[in-house]
Amino acid sequence: MNEYTTDVAIIGFGKAGKTLAGALAKKGKTVTVIEKSAKMYGGTCINVGCLPTKSLTHSAKIIDQLSEFGIERNPEINNQFFKQAMDYKTELVTKLNKKNYHKIADLDNVTVLDGFAHFKDDHTLLVDTDTETLQVTAANIIIGTGSTAVIPDFENKQNSPHIHTSEEILELTNLPKKLGIIGAGPIGLEFASYFAEFGSEVTVYQFNDSLLPREDKDDAAAILERLEELGVTIEFNAQAKRVQDTDNGVRLTFEQNGEEKSAELNEILVATGRIPNTNKLDIEKAGVALGARGEIKVNKHLQSSVEHIWAVGDVKGGPQFTYISLDDYRIVLPQLLGEESNYNLETRRVYPTATFVDPTFARVGFNEKEATEAGKNYKVAKMPVAAVPKAQVLRETSGFLKILVDPETDLILGASFFSYEAHEMINLIALAINENISYKSLRDGIYTHPTMSESMNDLLEMI
Ligand SMILES: Cc1cc2nc3c(=O)[nH]c(=O)nc-3n(C[C@H](O)[C@H](O)[C@H](O)COP(=O)(O)OP(=O)(O)OC[C@H]3O[C@@H](n4cnc5c(N)ncnc54)[C@H](O)[C@@H]3O)c2cc1C
Ligand SMILES: NC(=O)c1ccc[n+]([C@@H]2O[C@H](COP(=O)([O-])OP(=O)(O)OC[C@H]3O[C@@H](n4cnc5c(N)ncnc54)[C@H](O)[C@@H]3O)[C@@H](O)[C@H]2O)c1
């Protein structure tokens, strides 16, 4: 058996894993990164998550706007455009995957092993490659294995080639005429929005009666209205029961309010959540404790129940975002280098989130519901995006901008932007919250014109 000894072994080539590997190697540590699939160098985000999907949302937006210029679309044009968008997405992913690999693998001190890692004991990993099993002995181990889509139980799901996770649907070769999506979370809604813009007839099946339950009612209603405007139908209280392949695709049978119904679809995306990748790690051999959803239990320093084993990114449970995986690296790095740091999960600051429907819904800090629940006194300002000159220039007038301010301190409590470029603008608000910048500074800021961010002048004038 080939054996490796290393200062730090990192399982998973994701955002935290690769960033840690690069930083540790530059500080003279020997690092072994183990990645189960060459298609995943760089992790989920680059290969099957954020970037391919954002490439597709952008392409979908372009074809959607054609109609505004009087250009007629038909299924053939839609499909041709979709194929080109998918080709570009594949080109982009291939380029990024390769770049990510070399950025890490070409460093002195780093060894990348292609294989599936599992524990032999708390200092030893076994790595199953295509041809052999390797052994890696490490002083410290980082688990950054990410998460996997869960598919709820319904009959026949494993037998149909038309049932896809978000990863599999990125390989479609033709635009489905009728797409069903099970689950109205961030993945379900993002795919619904862009497939509708490409020209698919999209129906989302949500098993209860709520859409974005954590959001303010008026925010969720505006998003629903916009999705309907894009042609998306949402079936609430719809529980998938079984699927059956047909000549043209697949029949979905679902139960809704006690009644059994069916829909003829071409493809189905299942987007009902993602669970941490721990089940084949033989984690018990290392004595690492897991939580109820299979996540690795960590303390505020991201240390597992075993002192020299840390967990980063999706695998530790909690928020699943690339930038959280990146921020986890900032918590773990000083510990591995023996440096002092007071940065940990408790000192982590407020961070924004974005759901990439069209336009994007981006949030940071408190919304009205949360502020009320927390007993906070707040003033709120809300304006339609249509009031922003740049939005008119771009023909991107859907949505609203909403911001909450503490009347006693003048500090910003939170914001919900449903707007073109909301995912960019929200970073400005996150910065203001984290740096205790008064709302008046943003209100009186001198912004370039015409831009979406200059809307802060008018929005905050309303406080
Ligand atoms: C469709 C989709 C869209 C998304 N869009 C966004 C977005 O727009 N913005 C955003 O911030 N987040 C987005 N996310 C979430 C984001 O992709 C994840 O939160 C992030 O990639 C998690 O990073 P990670 O470091 O935890 O692990 P990952 O990037 O998932 O990396 C884990 C790696 O470990 C490997 N691995 C797993 N088990 C083993 C093993 N035993 N041995 C060896 N290797 C192993 C995997 O192959 C993988 O490469 C999206 C996710 C999806 C699915
Ligand atoms: N923009 C981003 O940053 C981004 C984009 C995509 C994904 N992500 C992350 O990926 C993770 C996974 O996203 P997701 O949308 O798959 O999961 P999710 O858990 O956030 O949402 C799943 C949705 O499916 C519904 N659901 C669950 N079981 C169901 C069933 N049997 N039938 C019908 N509906 C059902 C849930 O009520 C929920 O609305 C999230 O944590 C998210 O933060 C982030």
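Order of appearance sets the numbers: ligands from 1, and atoms from 1 within every ligand. Atom set for the values below is all heavy atoms of this structure, side chains included, hydrogens, waters and symmetry mates excluded.
Contacts between H118 and ligand 1 below 4.0 angstrom, taking non-hydrogen atoms only, are absent altogether. The proximity of F356 to ligand 1, defined as any non-hydrogen pair under 4.0 Å, is limited to the side chain. At a heavy-atom distance under 4.0 Å, only backbone atoms of Y205 (N, CA, C or O) approach ligand 2. Looking at N47 against ligand 1, nothing comes within 4.0 Å, counting heavy atoms. Neither the backbone nor the side chain of V127 comes within contact range of ligand 1; no heavy atom lies under 4.0 Å. If you look at K280 next to ligand 1, there are no close heavy atoms at all, none under 4.0 Å. Counting heavy atoms under 4.0 Å from ligand 2, residue F321 touches it through the side chain alone. At a heavy-atom distance under 4.0 Å, no atom of S147 approaches ligand 2.
With respect to R348 and D328, a salt bridge is recorded, a charged nitrogen being found less than 4.0 Å from a carboxylate O. Ion pairing between E368 and K402 holds under the 4.0 Å rule for side-chain N and carboxylate O. A salt bridge does not link K316 to E295: none of the charged side-chain nitrogens sits closer than 4.0 Å to a carboxylate oxygen. A salt bridge is defined here as a Lys NZ or Arg NE, NH1 or NH2 lying under 4.0 Å from an Asp or Glu carboxylate O, and E255 with R242 fails to meet this definition. Residues R363 and E370 are paired through a salt bridge, judged by an N-O separation under 4.0 Å between the basic side chain and the carboxylate. Electrostatic pairing of K18 and E35 does not count as a salt bridge here, judged by no charged N lying under 4.0 Å from a carboxylate O. A salt bridge links D358 with R226; the closest basic N to acidic carboxylate O contact falls under 4.0 Å. Between E167 and K39 there is no salt bridge, since no side-chain N of the basic residue sits under 4.0 Å from a carboxylate O of the acidic one.
Counting protein heavy atoms only, atom 41 (N) of ligand 1 is closest to A117 O, 3.0 Å. Of the protein's non-hydrogen atoms, C50 SG, 3.9 Å is the one closest to atom 14 (N) of ligand 1. Taking atom 53 (C) of ligand 1 as the reference point, the nearest protein heavy-atom neighbour is R274 NH1, 3.4 Å. The protein atom (non-hydrogen) at minimum distance from atom 11 (O) of ligand 1 is T322 N, 2.9 Å. Taking atom 15 (C) of ligand 1 as the reference point, the nearest protein heavy-atom neighbour is Q320 O, 3.6 Å. In this structure, atom 29 (O) of ligand 1 lies nearest to the protein heavy atom T44 N, 2.9 Å. Closest protein heavy atom to atom 31 (O) of ligand 1: G14 CA, 3.4 Å. Of the protein's heavy atoms, T145 O, 3.3 Å lies nearest to atom 37 (C) of ligand 1. Among all non-hydrogen protein atoms, the one lying nearest atom 24 (O) of ligand 2 is G183 CA, 3.3 Å.
Atom CZ of F154 has more than 12 heavy atoms from other residues, nucleotides or ligands within 6.0 Å. Atom CG of N159 has more than 12 heavy atoms from other residues, nucleotides or ligands within 6.0 Å. Annotation: K61, atom NZ; neighbour count of heavy atoms from other residues, nucleotides and ligands within 6.0 Å is above 12.
Selection from Q320, E235, Q239, R274 by nearest heavy atom to atom 44 (C) of ligand 2 gives Q320. If you check each of K18, E35, E190 against atom 35 (C) of ligand 1, the one with the closest non-hydrogen atom is E35. Nearest-heavy-atom check against atom 24 (P) of ligand 1 across S325, A311, A271 picks out S325. Which of G12, G49, G144 comes nearest to atom 32 (C) of ligand 1 through a heavy atom is settled by distance: it is G144.
Backbone and side-chain nitrogen or oxygen atoms of D314 are examined, and one is located within less than 3.5 angstrom of a nitrogen or oxygen of ligand 1. The shortest N or O to N or O distance between I187 and ligand 2 is below 3.5 Å. Ligand 2 has a nitrogen or oxygen under 3.5 angstrom from a nitrogen or oxygen of Q206. Of the polar atoms of S37, none of the N or O atoms is found under 3.5 Å from an N or O of ligand 1, judged by distance alone. Taking only nitrogen or oxygen atoms, main chain and side chain alike, G273 reaches within less than 3.5 Å of ligand 2. Below 3.5 Å of separation, one finds no N or O of T355 facing any N or O of ligand 2. Looking at K36 next to ligand 1, an N or O pair under 3.5 Å apart turns up. Every N/O-N/O distance between I182 and ligand 2 stays at or above 3.5 Å. Between I11 and ligand 1, no pair of N/O atoms sits closer than 3.5 Å.
Near F356, meaning under 4.0 Å from one of its heavy atoms, ligand 2 places the atoms 1 (N). Contact atoms of ligand 2 toward A184: 23 (C), 24 (O), 39 (O) (distance under 4.0 Å to a heavy atom of the residue). The atoms of ligand 2 that sit less than 4.0 Å from any heavy atom of A354 are 1 (N), 2 (C), 3 (O). Listed by atom number, the atoms of ligand 2 under 4.0 Å from P152 heavy atoms are 31 (N). Interface atoms of ligand 1 facing Y323, defined by a heavy-atom separation under 4.0 Å, are 11 (O).
Heavy atoms of A240 come nearer than 4.0 angstrom to ligand 2 in no pair at all. Residue contacts with ligand 1 include G115, since one of its heavy atoms falls under 4.0 Å from the ligand. Residue contact annotation: E167 has no non-hydrogen atom under 4.0 Å from ligand 1.
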Test side chain to side chain donor-acceptor pair (under 3.5 Å) on D219 and S416; report intermediate values, then the result.
CA-CA 8 Å; D219 296 5; S416 314; 3.3 Å; yes

Working for side chain to side chain donor-acceptor pair (under 3.5 Å), residues H301 and Q335:
CA-CA 8 Å; H301 305 292; Q335 300 174 64; 4.6 Å; no

Could you go through the side chain to side chain donor-acceptor pair (under 3.5 Å) check for N174 and N79 one step at a time?
CA-CA 6 Å; N174 283 300; N79 198 36; 2.8 Å; yes

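A donor-acceptor contact closer than 3.5 angstrom is absent between the side chains of S147 and N277.
For the pair K382 and F400, the cation sits on the ring face: its NZ or CZ lies under 6.0 Å from the ring centre, inside 45° of the axis.
Using a distance-only test at 3.5 Å, with no hydrogens or angles considered, no donor-acceptor pair links the side chain of H123 to the main chain of H308.
Minimum heavy-atom separation, S59 to F81: O-CE2, 3.2 Å.
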